[in-house]
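Note sheet for the following structure.
A note on names: the letters A, B, ... follow the listed sequences, proteins ahead of strands, and every chain is numbered from 1. This structure is a prediction, so every number in the text was calculated from the model and none was measured.
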Amino acid sequence: MSDLHIYNTLTRKKEKFEPITEGFVGMYVCGPTVYSDPHLGHAKSYVSFDVINRYFRYLGYKVRYVQNITDVGHLTDDADQGEDKLQKQARLEQLEPMEIAEKYTYKYFKEMDQLNILRPDISPRASGHITEQIQMVEQLIEKDHAYVADGNVYFDVTSDEEYGKLSGRDLEEQEAGVRVETAEDKRHPSDFALWKKADEGHIMKWPSPWSLGYPGWHIECSVMSTKYLGENFDIHGGGIDNQFPHHECEIAQSENAHDQPFANYWMHNNMVTLNGQKMGKSLGNAISLHEFFSGDHELLNESWEPEVIRFFLLQSHYRSPTDFSEEALSAARSGLKNLHQIVKTIDDAEDGEGEPFDLESCRSDIESRLNDDFNTAQAIGQIFEHLRPLRSQIEDGNIPSNIDEVKAFIRAMIDDVFGLWPSKSGGDEELTNSLVEILLEIRSEARENKNFELADKIRDDLESLGVKVMDKPGGTKFRIDN
RNA sequence: GGCGACGUGGCCGAGGGGCUAGGCAGAGGACUGCAAAUCCUCGUACGGCGGUUCGAAUCCGCCCGUCGCCUCCA
């Protein structure tokens, strides 16, 4: 597959990607509601879209990647009832809602940074776009797609004959199955809030033509995507759990307000489970990313490096569910370590005069997998497939004549696209290397004198410091693992 | 109850009518003072029962099981 194809949730098919403007990609991905610690689900979603973002750039597209920060309007309860999530957390932590937003926004970025996720080009806050949200609600009222009821404004789903097209639902069936109480001032149970009047005690509220209140959850994404990407843009992504109602509502609002298609391609990543179970606070298995990184949770036996989690996620497809277990992570950790060693051997090779490496077939085998709806799992398979023999060739001293070109490609793919380049070792690298070499010289002498006791002691002691010693045919080599 | 996805060798995980995925773990061998590392070789797997077909893990039906959405979640 030489052209990039994307599975579009809207059409339930893989489609060739054709940008609205040649050479440019506008991508909006639903960001976090910043009221608690980031967890594995965030990791899966944002690692997936990170590689998508990176691959577009690799292909030469100029990407504008927008990801919102939801800091208002997301209610704890269903059917447009209940408390604002941030306000509730603020009460629990005895902080201002905006302190909660800032605190968890910082945490979010910090942990996404650790996962080596490139930051979005724009991270707009919902609370910073209240004016625009009010304007859009006004537009919808003018066009008779929304109505005011006692200071609340609801979107009228019956005014949109396409409502349900993303999630494949129809309104009549929905009604029968509705098992949540709905706000009594709605005309139709599936109508959703565009603006809510603030209850007494509600802290985050703004004046509007209808009431002192706050925006509904869905409207922020419609507004911010449009503001930064236009009324019609290329890609809208997010977790599959947001397909309904969130994304369905976004489409309804945007297309009825603007009378044109909203996003051309809808992409949804699948969910994460932990030991086969959905994560949830009530199940006691909600482990935050921070806890994974530190190992500080009763369900964890050890800590897991962000890079291992990233690699593990990329070994499955973004549209498949991912089950986390320490056994699976452990296998991923070994695999990643091997990949790092392979890459390092290649990257250290210089001045080749041997048979050239078949870079074109390597490149096309990897790219074709990514072009097929970003199949990172297969692409990683191809990386191993091509790079293992290359390492062998190099270790045999037969360094390919096109080694520089090969190195550039590997860096572009593994570092720039996958974000899995070997981690940088700290300073003093040269000194450490020299010291280890001195020890190994002593060890060589000991071995020549058949003083294996001393030789093995040096090796064991170095090993306990994370320095692996390997006696290869061409001489002793070492590797520092940390 | 409605909608949808999935069930692949010891584990993870792609694929998807006949053609090697890959990773981890494991076995044997080469190499080694012993190791480690590396290299070579090895698994004939697709939930169950039927059906379609020359041929099914891949298509169809039923059943079993898991998961998700329908309610906040990425």
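Residue contacts for A:His39: at a heavy-atom cut-off of 4.0 Å it reaches a base atom on one of the strands shown. A:Gly41 comes within contact range of at least one nucleobase, with a heavy-atom separation under 4.0 Å. Residue A:Phe49 is out of contact with every strand shown, counting any heavy-atom pair closer than 4.0 Å. A:Asn269 comes within contact range of at least one nucleobase, with a heavy-atom separation under 4.0 Å.
One finds no side-chain N or O of A:Ser167 lying less than 4.0 angstrom from the OP1 or OP2 phosphate oxygen of B:G4.
Between B:A36, B:G68, B:A14, one nucleotide has an atom nearer to the side chain of A:Ser320 than all others, and that is B:A14. Of the candidates B:A74, B:C12, B:G23, B:G23 carries the atom nearest the A:Gln315 side chain, counting heavy atoms from C-beta on. When distances are taken from the side chain of A:Glu385 to each of B:G2, B:A21, B:A35, the shortest belongs to B:A21. Closest to the A:Gln378 side chain, of the nucleotides B:G15, B:A74, B:A37, is B:G15.
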Can you name the atoms? Protein N/O to nucleotides 24-31 of chain B N/O, anything below 3.5 Å, with the distance.
residue	atom	partner	partner atom	Å
B:C24	OP1	A:Asn338	ND2	2.2

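Going from atom CG of A:Asn116 over to atom CG of A:Asp415 covers 7.5 Å, rounded to the nearest 0.5 Å.
Across all strands shown, B:G9 has no partner, as no Watson-Crick or G-U wobble contact with both distances under 3.5 Å is found. Pairing for B:C3 is with B:G68, a Watson-Crick or G-U wobble pair whose two hydrogen-bonding atom distances lie under 3.5 Å. When both pairing distances are held under 3.5 Å, B:A36 makes no Watson-Crick or G-U pair with any nucleotide shown. In this structure B:C49 sits in a base pair with B:G61, meeting the Watson-Crick or G-U test at under 3.5 Å. Pairing of B:G17, defined by two Watson-Crick or G-U wobble distances under 3.5 Å, is not identified with any nucleotide. The partner of B:C42 is B:G26, judged by Watson-Crick or G-U wobble contacts that both fall below 3.5 Å.
Ion pair A:Glu162/A:Lys165 flagged as a salt bridge, since at least one NZ, NE, NH1 or NH2 atom sits closer than 4.0 Å to an Asp/Glu carboxylate oxygen. A salt bridge does not link A:Arg363 to A:Asp358: none of the charged nitrogens lies less than 4.0 Å from a carboxylate oxygen.
Put simply, the side chain of A:Arg443 reaches to within 4.5 Å of the side chain of A:Thr476, judged on heavy atoms. A heavy-atom distance below 4.5 Å is found between the side chains of A:Met112 and A:Tyr46. Between A:Val343 and A:Trp421 there is a side-chain heavy-atom pair separated by less than 4.5 Å.
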inquiry  = Assess the residue pair A:Asp84 and A:Lys88 against the criterion (salt bridge (Lys or Arg N to Asp or Glu O under 4.0 Å)); give the C-alpha distance rounded to whole Å, side-chain angles, the decisive distance to 0.1 Å, and a yes or no.
reply    = CA-CA 6 Å; A:Asp84 184 283; A:Lys88 181 180 177 191; over 6 Å; no
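Within a heavy-atom distance below 4.0 Å of RNA chain B, the residues of residues 449-462 of chain A found are A:Phe452, A:Asp456, A:Arg459.
Spacing between B:C12 and B:U53 at atom C1', rounded to whole Å, works out to 34 Å.
Using the six-membered ring where Trp is involved, A:Tyr163 and A:Phe244 have ring planes that are perpendicular, over 60° apart on the 30 and 60° scheme.
In this structure, A:Lys407 and A:Ala349 approach most closely via the heavy-atom pair NZ-O, 2.7 Å.
Judged by closest nucleotide on RNA chain B, A:Arg319 is the one of A:Arg319 and A:Asn270 placed further toward the 5' end. Residue A:Arg12 is the one, among A:Arg12 and A:Gly31, whose nearest nucleotide of RNA chain B lies closer to the 5' end (criterion: closest heavy atom).
When only modelled atom types and interatomic distance are considered, A:Thr9 and A:His268 share a side-chain donor-acceptor pair under 3.5 Å.
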